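Only one structure is covered here, and it is reproduced in the block below.
Quick caveat: nothing in here was measured; it's all calculated off a predicted structure.
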Amino acid sequence: MKKITLITLIASVLLLVSTSIDAKALALPELPTKETSKQWSVEVTKPNTEDPNLAKAKKGVYHTYSLDVENIGKDVRDVKVQLFRNEANSITKYGLLPTTEPPQLSQKGGHPYRISNFGLSEKATDLNIVITWKEQGAERLYQETFTFHQK
């Protein structure tokens, strides 16, 4: 009788553990999360929840976040910011917002560029922020990609 009880207990624990692992919701690791390079500081934070007109997270569909981008390097020009997410079983990345050209990112130490609220599918495992720019007086295009992983 003790063996049957023990086997039932072990099977129940294993079933409970496997069910809780599958049900785990995706989310970026502890917010805020930040990456920097010589040129840029990129930070993903909690979304703006004060404005009722902004999107709210929808459980089982998508999370919402805010984004801050700051120029911490040289003065540059023609800065563009793009956000992409991946899709399971695909090499294609999907754009989250239209390409933006925030003028405040051209100058070092200028005001950060802020996206108050954007949605990211719970199925996505990566958020890519792609920044392109040109140095002052030059035509060469530069690009950096910052990748944040959802758990």
Side-chain angles (χ1 to χ4, degrees), residues 12-151:
S12 298
V13 169
L14 289 174
L15 181 62
L16 180 65
V17 169
S18 67
T19 304
S20 66
I21 290 172
D22 291 339
K24 181 181 171 188
L26 296 175
L28 285 172
E30 297 177 30
L31 293 176
T33 184
K34 185 176 187 176
E35 286 190 20
T36 59
S37 68
K38 289 182 181 179
Q39 187 66 45
W40 306 106
S41 171
V42 177
E43 185 173 26
V44 179
T45 61
K46 294 180 181 179
N48 177 342
T49 55
E50 296 173 14
D51 186 342
N53 297 318
L54 294 176
K56 305 282 187 252
K58 192 176 232 182
K59 189 171 181 157
V61 181
Y62 62 89
H63 297 288
T64 54
Y65 301 102
S66 290
L67 175 71
D68 291 310
V69 179
E70 186 175 358
N71 181 345
I72 59 173
K74 302 176 187 176
D75 286 353
V76 295
R77 63 187 179 88
D78 300 336
V79 180
K80 292 182 177 133
V81 178
Q82 298 173 294
L83 280 69
F84 295 92
R85 69 165 174 86
N86 67 336
E87 183 72 26
N89 304 316
S90 176
I91 59 171
T92 302
K93 303 278 184 176
Y94 296 87
L96 297 177
L97 302 170
T99 300
T100 56
E101 298 183 39
Q104 70 267 36
L105 289 180
S106 293
Q107 297 198 354
K108 175 183 178 179
H111 293 291
Y113 172 61
R114 180 164 182 77
I115 298 173
S116 297
N117 188 297
F118 66 92
L120 180 63
S121 169
E122 284 191 7
K123 293 180 182 178
T125 58
D126 294 336
L127 166 64
N128 300 110
I129 292 101
V130 179
I131 304 172
T132 57
W133 72 96
K134 293 179 182 175
E135 289 187 349
Q136 297 289 350
E139 289 303 313
R140 175 175 281 174
L141 190 63
Y142 293 88
Q143 173 191 328
E144 283 194 55
T145 302
F146 298 85
T147 301
F148 297 91
H149 302 284
Q150 290 197 105
K151 288 184 177 182

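- In this structure, Ala55 and Tyr62 approach most closely via the heavy-atom pair CB-OH, 4.4 Å.
- Contact between Leu96 and Gly119 at its shortest, heavy atoms only, is CD2-O, 3.8 Å.
- Note: Asp126 CG to Lys93 NZ = 5.0 Å, rounded to the nearest 0.5 Å.
- Side-chain N/O atoms of Ser106 and Asn71 include no donor and acceptor closer than 3.5 Å.
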Would you check, one step at a time, whether the test side-chain contact (heavy atoms from CB on, under 4.5 Å) holds for Trp40 with Glu35?
-> CA-CA 8 Å; Trp40 306 106; Glu35 286 190 20; over 6 Å; no

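- Of the candidates Leu67, Leu54, Asn117, Asn117 is the only one forming a side-chain contact (heavy atoms from CB on, under 4.5 Å) with Pro47.
- Of all non-hydrogen atoms in Glu43 and Pro32, the two that sit nearest each other are OE2-CB, 3.2 Å.
- The nearest pair of heavy atoms linking Asp51 to Asn48 is N-OD1, 3.4 Å.
- Here the side chain of Arg85 pairs no donor or acceptor atom with the backbone of Lys123 at under 3.5 angstrom.
- Rounding to the nearest 0.5 Å places CD of Glu101 at 8.0 Å from OG1 of Thr132.
- The minimum heavy-atom distance between Pro102 and Val81, with the atom names listed, is CG-CG2, 4.1 Å.
- For the atom pair OG1 of Thr33 and CZ of Phe146, the computed distance is 12.0 Å after rounding to the nearest 0.5 Å.
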Go through Ile131 and Leu105 one step at a time and tell me if the side-chain contact (heavy atoms from CB on, under 4.5 Å) criterion holds.
-> CA-CA 10 Å; Ile131 304 172; Leu105 289 180; 5.7 Å; no

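- Between Asp75 and Lys108 there is no salt bridge, since no side-chain nitrogen of the basic residue lies less than 4.0 Å from a carboxylate oxygen of the acidic one.
- For the atom pair OG1 (Thr147) and CD1 (Ile129), the distance works out to 7.5 Å, reported to the nearest 0.5 Å.
- The number of heavy atoms from other shown groups lying within 6.0 Å of NZ (Lys56) is above 12.
- Salt bridge status for Glu70 with Arg114: absent, with no side-chain N to carboxylate O gap under 4.0 Å.
- Rounding to the nearest 0.5 Å gives a distance of 7.0 Å between OH of Tyr142 and NZ of Lys74.
- Counting non-hydrogen atoms of other residues, nucleotides and ligands closer than 6.0 Å to NZ of Lys80 gives a total of 12 or fewer.
- Separation of atoms OH (Tyr113) and OG1 (Thr100) is listed at 3.0 Å; rounding is to 0.5 Å.
- When the shell of 6.0 Å around CD of Gln104 is examined, it contains more than 12 heavy atoms from other residues, nucleotides or ligands.
- At a threshold of 4.5 Å between non-hydrogen side-chain atoms, the residues Leu83 and Tyr65 do not count as touching.
- For Thr36 (side chain) and Ser41 (main-chain N/O), no donor-acceptor pair under 3.5 Å exists by modelled atom type.
- For the residue pair Gln143 and Thr145, a side-chain donor N or O sits within less than 3.5 Å of a side-chain acceptor on the partner.
- In this structure, the side chain of Glu135 does not engage the main chain of Val76 through any donor-acceptor pair within 3.5 Å.
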